[in-house]
Amino acid sequence: MSSSSSGAVRGETTPASSATRQAKRNEVLTGLVNWMKENKRELPMRAEDVTPWGTLVGEVMSQQTPMPRVQPIWSRWMQLWPTPAALAVAPASRVLVEWGRLGYPSRALRLRECAIAISERPGGQVPADFESLCSLPGIGPYTASALMSFQFHERRAVLDTNIRRVIARIFSGIERPASSSPTRVERDLADSLLPSSGVECATWNLALMEFGAIACTSKNPGCDTCPLASECAWFVAGRPMVEVKRKSQAWAGTDRQARGRVVQLLRDLHVSGDSSVSSASSDSPVASGDSSATGNVPSPIDEAAPTVSYSAALEVATLPGSDPDQAPRVIEGLLADGLLVRVGEDRLALPR
DNA sequence: AAGCCGGGGAC
DNA sequence: GTCCCAGGCTT
């Protein structure tokens, strides 16, 4: 029943309009594929031989993070932890260090939990069904659908921020979706636009996503040179803009910034104790790494994991002009989230 | 449904 | 300065 037939039952989707929409879809798909030949980015993440695990890691890293920043970190991770089993036995501290400055470090911990969960499955492979994927830590509807389409070639719509915007413009005639998460109406429309085969759907999804990321961008879409302008309902309608009351997402002085500073401090301590640097003594008076002698130890994360005093963490978490409660609140939040652990009486470290 | 969670680059 | 980004989790 999934294949094109019905839909006439529900008033709006008559066979005629459905056929018209499919025809337009075909025009758009042709245009996008043509556009891709010239404009598609060559990303290691998209290579033919990338495993489901590699795609999973890349998609999680890409959540709220531009691809150019993801690529080098992803490549490094694939060298270090090419399988779920490899990541599953890695120390959380090491995972956080290798996450670097990608942002939202909780994603790194969830990815590790995800690797553990996959390793505990029979066979230890990345599950190839949508529901099982959604049950994994850090894997939501978007990431699960991306895996099902790009890796397993299931006939499934992928609704990320780029695809939602491109569909909204071309097929709905609006500048951008109104809601922050996909609505039922959006999913139904996206489903109705899917090509007939799973492989074609993967091409369709990737083309929409890439087009939205490069050409049909949120702020300055290149309508002047857009090969789909004549097909775009939004362009034809004169590009009506929607009023979006954006909640100012301030950065300076926020808990986020304070959290980031604390985690960065711990990351830096791990890195400086990594190999050559030994970090003398002058630059970080708060460190008590106890890196002993062991000059060339290849595994810096042993019993001597770097720690900081609670007061030093408080100091780093104290931002100019912030209220006095912020720093302790931030530290407690990091502990609650598992990004920090208590060590001994009055010291903090990255989780083991 | 709304709030929270990093960080950097484009503008 | 603001806005954006291959979202997900918690309440």
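Chain letters run A, B, ... following the sequence lines, proteins first and then strands; every chain starts at 1.
- Proximity of Arg259(A) to the phosphate of dG6(B): a side-chain N or O atom is located under 4.0 Å from OP1 or OP2.
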Under 3.5 Å between N/O atoms: give me all the protein pairs with nucleotides 9-11 of chain B, atom names plus distance.
none

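- Of the residues in residues 38-68 of chain A, Gln64(A), Thr65(A), Pro66(A) come within less than 4.0 Å of DNA chain B through at least one heavy atom, sorted by number.
- One interatomic measurement links the two molecules: CE of Met148(A) to C1' of dA6(C), which rounds to 17 Å at whole-angstrom precision.
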Dump every N/O contact between nucleotides 9-11 of chain C and the protein below 3.5 Å, one line per pair.
| residue | atom | partner | partner atom | Å |
| --- | --- | --- | --- | --- |
| dC9(C) | OP1 | Gly138(A) | N | 3.0 |

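- Side-chain atoms of Tyr142(A) and base atoms of dG7(C) include no donor and acceptor less than 3.5 Å apart.
- Listed in residue order, the members of residues 198-218 of chain A having a heavy atom less than 4.0 Å from DNA chain C are Met209(A), Glu210(A), Ser218(A).
- Atom-to-atom, CH2 of Trp251(A) to P of dG1(C) comes out at 14 Å; the value is rounded to the nearest Å.
- The ring-ring contact (aromatic ring centres under 6.0 Å, His included) contacts involving residues 92-144 of chain A comprise Trp77(A)-Trp99(A), where partners must be two or more places apart or lie in separate chains.
- Look at CG on Leu159(A): it is 15 Å from C1' on dG8(C), rounded to the nearest Å.
- Within 6.0 Å of atom CD in Gln125(A), 12 or fewer heavy atoms from other residues, nucleotides or ligands are found, so the atom counts as exposed in its surroundings.
- Remark: Lys24(A) does not engage Glu231(A) in a salt bridge, criterion side-chain N to carboxylate O under 4.0 Å.
- OP1 or OP2 of dC4(C) lies within a sub-4.0 Å distance of a side-chain N or O belonging to Arg176(A).
- Applying the ring-ring contact (aromatic ring centres under 6.0 Å, His included) test to every pair with at least one member in residues 40-72 of chain A, sequence neighbours left out, gives no pairs at all.
- The CG-P distance, from Asn162(A) to dA6(C), rounds to 5 Å in whole Å.
- OP1 and OP2 of dA6(C) both lie 4.0 Å or more from every side-chain N or O belonging to Thr161(A).
- The distance from atom CG of Leu102(A) to atom C1' of dC4(C) is 16 Å, rounded to the nearest whole Å.
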